[in-house]
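These notes concern the structure reproduced below.
Nothing here was measured: the structure is a model prediction, and the numbers come from that model.
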Amino acid sequence: MLDIKWIRENTDAVDLNMKKRGAEPVSSYILSLDEKRRDVMGRLQELQSQRNKISKEVGQAKAKGEDASHLFESMKTIGPEVKKLEEEERALQTELKDFVATLPNILDAAVPEGKDDTENVEVRRWGTPRTLNFEPKAHYDLGEDLGQLDFETAAKISGSRFAWSSGDLARLERALAMFMLDTHTEQNGFTEVNPPVLVTPQTMYGTGQLPKFGDDAFYTNDERDLMLTPTAEVSLTNYMADRIVQESDLPIKFCAWTPCFRKEAGSAGRDTRGLIRVHQFNKVEMVQIVHPEKSNEALQFMLGCAEDILQKLNLPYRVLNLCTGDMGFGSEQTFDLEVWLPAQNTYREISSCSKCGDFQARRMNGRFKDKDGKNHFVHTLNGSGLAVGRTLVAVMENYQNEDGSITVPDVLKPYMGGKEIIKAVSK
RNA sequence: GGAGAUGUGGCCGAGCGGUUUAAGGCGCACGCCUGGAAAGCGUGUUGGGGGCAACCCCUCGCAGGUUCGAAUCCUGUCAUCUCCGCCA
């Protein structure tokens with residue numbers, strides 16, 4: 001959520017930002033609404049002030065045992081007028097807030113210009129794709145041939161875009177998650193959290209999924225309208241909702257391994273096979289709550305944490321600086337990591353690390369108290385560390401052997417009971 | 001699912017419908033005192049909004065309502081705790 005005071009003083013920047021994101025200018029509309037609201041508020045406060053004064057006089061008169069009924073006359077007209085202005089003010093306030101809540105975050109100056117994902121800027125590459133002397137299989141073929149990935153069964157149970165894995169492959173995914181969690185907690189200083197994945201609409205609003213992107217999420221028919229989280233970012237970041245922490249508590253670093261639920265509305269026909277795009281997948285997420293001055297530093301740190309996982313797994317990847325046209329709603333700046341997938345002969349997204357400034361903190365009212373006792377909004381960041389399902393895909397395809405078996409990466413062996421190779425189960 | 005209890009500034013805790021503009025205490029910050037400290041004394045200490053400013057408005061879990069006037073009365077709702085039932 002943008003600061004209305006800031007919008008008032010930076011109308012050009014607001015409209016320029018909308019343009020960069022490929023949207024229409026909005027500042028004149030906001031300004032006129034804000035002006036109307038402040039006008040009503042001024043008149044309302046004047047009346048409230050009168051009411052308070054008279055009310056006090058009534059109290060004083062009664063205390064002395066005097067008759068105060070003559071004071072009621074003016075109060076009788078003030079009362080309904082106050083109520084009317086209150087309603088007017090509330091309506092304008094709601095209208096303004098509802099509108100501002102739909103505006104995306106202001107992009108960092110370091111974000112490259114570009115119209116869509118084709119114009120993202122590659123920052124660096126790491127690792128060299130393995131040269132195979134055989135035709136690489138796609139992970140879904142590998143998994144099905146191993147007898148440990150079963151999309152038919154998943155479809156029977158839940159419909160399209162779900163997966164069923166079993167045996168060593170299921171364990172390999174768990175191994176990946178444990179390896180990631182252990183690395184982030186033991187090496188990178190994150191605190192492991194087991195958060196709820198079923199959250200209130202208010203929580204989804206806090207991180208920016210609502211009100212604009214409700215169509216992407218699964219709702220329950222629970223009377224509280226609980227929703228399934230599309231990422232643990234939602235639960236973890238909302239730790240700060242209506243909370244004031246001490247400056248010395250920062251940074252707060254959480255990581256969590258949770259299932260994520262996405263409708264994938266609008267992606268019909270894309271990645272219809274396999275684990276790449278499913279309604280339910282597991283992800284290890286990192287969230288940082290930091291002092292505003294540490295935002296940039298924290299973003300680089302988190303990007304490093306995500307890269308480190310790929311490096312330890314020896315998976316080739318590249319880093320992209322997302323361009324203005326491809327940036328998410330709440331983000332100021334985002335780096336994506338794309339991992340090499342031999343069967344697709346291309347890099348595919350496996351992590352996304354974003355800094356959100358005070359955008360989310362403002363929505364959820366998350367603050368810290370500085371040394372002088374003043375409160376400020378915290379800055380929030382989130383990054384995948386990594387998308388576990390897609391990491392499984394990457395390991396399968398990059399570590400596949402000609403006979404269809406999969407070599408277990410060295411760092412995962414301790415988590416696989418020492419198993420070195422995943423082979424087909426006998427049918 | 002059923003029954004009951006409780007929600008008041010960072011914490012504890014008062015609060016007959018009108019000087020509550022939320023007592024008192026604890027904690028914290030600053031000052032006085034001291035060689036230094038403790039104790040003592042004094043001052044400040046919820047959060048948000050509007051205004052150049054003086055200052056004003058809102059905020060007692062949340063949302064409605066009653067009233068000239070609500071922390072206080074009414075309704076709904078949420079959270080916490082206790083007991084019963086069910087349950088991994």
Side-chain angles (χ1 to χ4, degrees), chain A residues 1-9 30-101 194-206 210 220-227 235 238-250 252 258-259 358 360-378:
Chain A
M1 174 99 95
L2 302 180
D3 181 7
I4 181 68
K5 277 187 286 187
W6 186 87
I7 294 177
R8 248 179 245 150
E9 289 154 19
I30 295 174
L31 245 47
S32 70
L33 206 53
D34 182 48
E35 222 162 285
K36 243 196 284 182
R37 185 186 127 254
R38 282 194 290 165
D39 174 58
V40 171
M41 194 189 278
R43 285 186 283 147
L44 170 64
Q45 293 190 356
E46 173 60 30
L47 282 177
Q48 285 172 324
S49 180
Q50 278 181 39
R51 185 180 66 181
N52 288 346
K53 218 164 78 193
I54 296 170
S55 200
K56 192 155 81 178
E57 284 170 24
V58 172
Q60 287 167 346
K62 291 244 168 169
K64 290 183 202 152
E66 293 170 6
D67 176 41
S69 52
H70 64 286
L71 292 166
F72 293 169
E73 285 309 307
S74 48
M75 287 290 260
K76 271 184 179 138
T77 57
I78 290 175
E81 185 67 9
V82 164
K83 186 171 260 184
K84 201 188 104 207
L85 286 173
E86 266 175 357
E87 275 164 22
E88 226 175 293
E89 198 275 334
R90 200 181 313 153
L92 285 166
Q93 169 76 41
T94 304
E95 195 179 345
L96 183 63
K97 200 176 169 196
D98 285 355
F99 183 74
V100 174
N194 259 184
V197 296
L198 214 46
V199 302
T200 61
Q202 182 63 37
T203 299
M204 292 284 269
Y205 176 90
L210 289 179
T220 68
N221 67 352
D222 177 272
E223 66 275 11
R224 290 163 294 183
D225 294 323
L226 293 179
M227 302 168 75
S235 311
N238 273 282
Y239 170 80
M240 285 307 297
D242 293 313
R243 186 189 292 266
I244 302 175
V245 299
Q246 296 302 314
E247 186 170 356
S248 56
D249 294 333
L250 302 176
I252 295 167
T258 68
D358 63 9
Q360 295 178 321
R362 222 173 258 290
R363 294 172 88 90
M364 66 180 72
N365 198 25
R367 291 165 295 172
F368 73 94
K369 196 177 278 296
D370 71 17
K371 296 175 193 81
D372 300 324
K374 293 266 286 179
N375 296 330
H376 309 272
F377 289 109
V378 294

Requested in this report: For B/rA38 versus B/rC30, give the span between their P atoms, rounded off to a whole number of Å.
Outcome: 12 Å
Query raised in the report: For A/K53 and B/rG69, is the shortest distance between a side-chain N/O and OP1 or OP2 below 4.0 Å?
Result: no
Query raised in the report: Which nucleotide, in any strand shown, forms a Watson-Crick or G-U wobble pair with B/rA71, with both distances under 3.5 Å?
Result: none
Query - Which nucleotide in B/rG51, B/rG18, B/rG47 has an atom nearest any side-chain atom of A/N375 - result: B/rG47
Report summary line: If pairing means Watson-Crick or G-U wobble with both distances under 3.5 Å, then the partner of B/rC60 is none
Requested in this report: Quick one: label A/K83 by what it contacts on the DNA or RNA (base, sugar-phosphate, nothing), any heavy atom closer than 4.0 Å.
Outcome: sugar-phosphate
Report task. Write down the distance separating the C1' atoms in B/rC12 and B/rG85, rounded off to the nearest Å. Result -> 36 Å
Report task. Just name whichever nucleotide pairs with B/rA54, Watson-Crick or G-U, keeping both distances under 3.5 Å, else none. Result -> none
Query raised in the report: OP1 or OP2 of B/rG50 sitting under 4.0 Å from any side-chain N/O of A/R8?
Result: yes
Query raised in the report: Does B/rG27 fall in syn (glycosidic angle within 90° of 0) or anti?
Result: anti
Report task. Determine the interatomic distance between P on B/rG50 and the same-named atom on B/rU34; round to the nearest Å. Result -> 47 Å
Query - Counter-base of B/rG1, judged by Watson-Crick or G-U geometry with both distances under 3.5 Å - result: B/rC84
Query raised in the report: For the side chain of A/T220 and the backbone of A/M227, is there at least one donor-acceptor N/O pair under 3.5 Å apart?
Result: no
Query raised in the report: Taking atom P in both B/rA54 and B/rG36, what distance in whole Å separates the two?
Result: 38 Å
Report task. Could you check which nucleotide pairs with B/rC32 in any of the strands shown, counting Watson-Crick or G-U wobble with both distances under 3.5 Å? Result -> B/rG40
Query raised in the report: Phosphate oxygens OP1/OP2 of B/rG69: is one of them under 4.0 Å from a side-chain N or O of A/N52?
Result: no
Report summary line: The Watson-Crick or G-U wobble partner of B/rG7, with both key distances under 3.5 Å, is B/rC78
Report task. Name the pairing partner of B/rG24, where a pair is Watson-Crick or G-U wobble with both distances under 3.5 Å, or state none. Result -> B/rC12
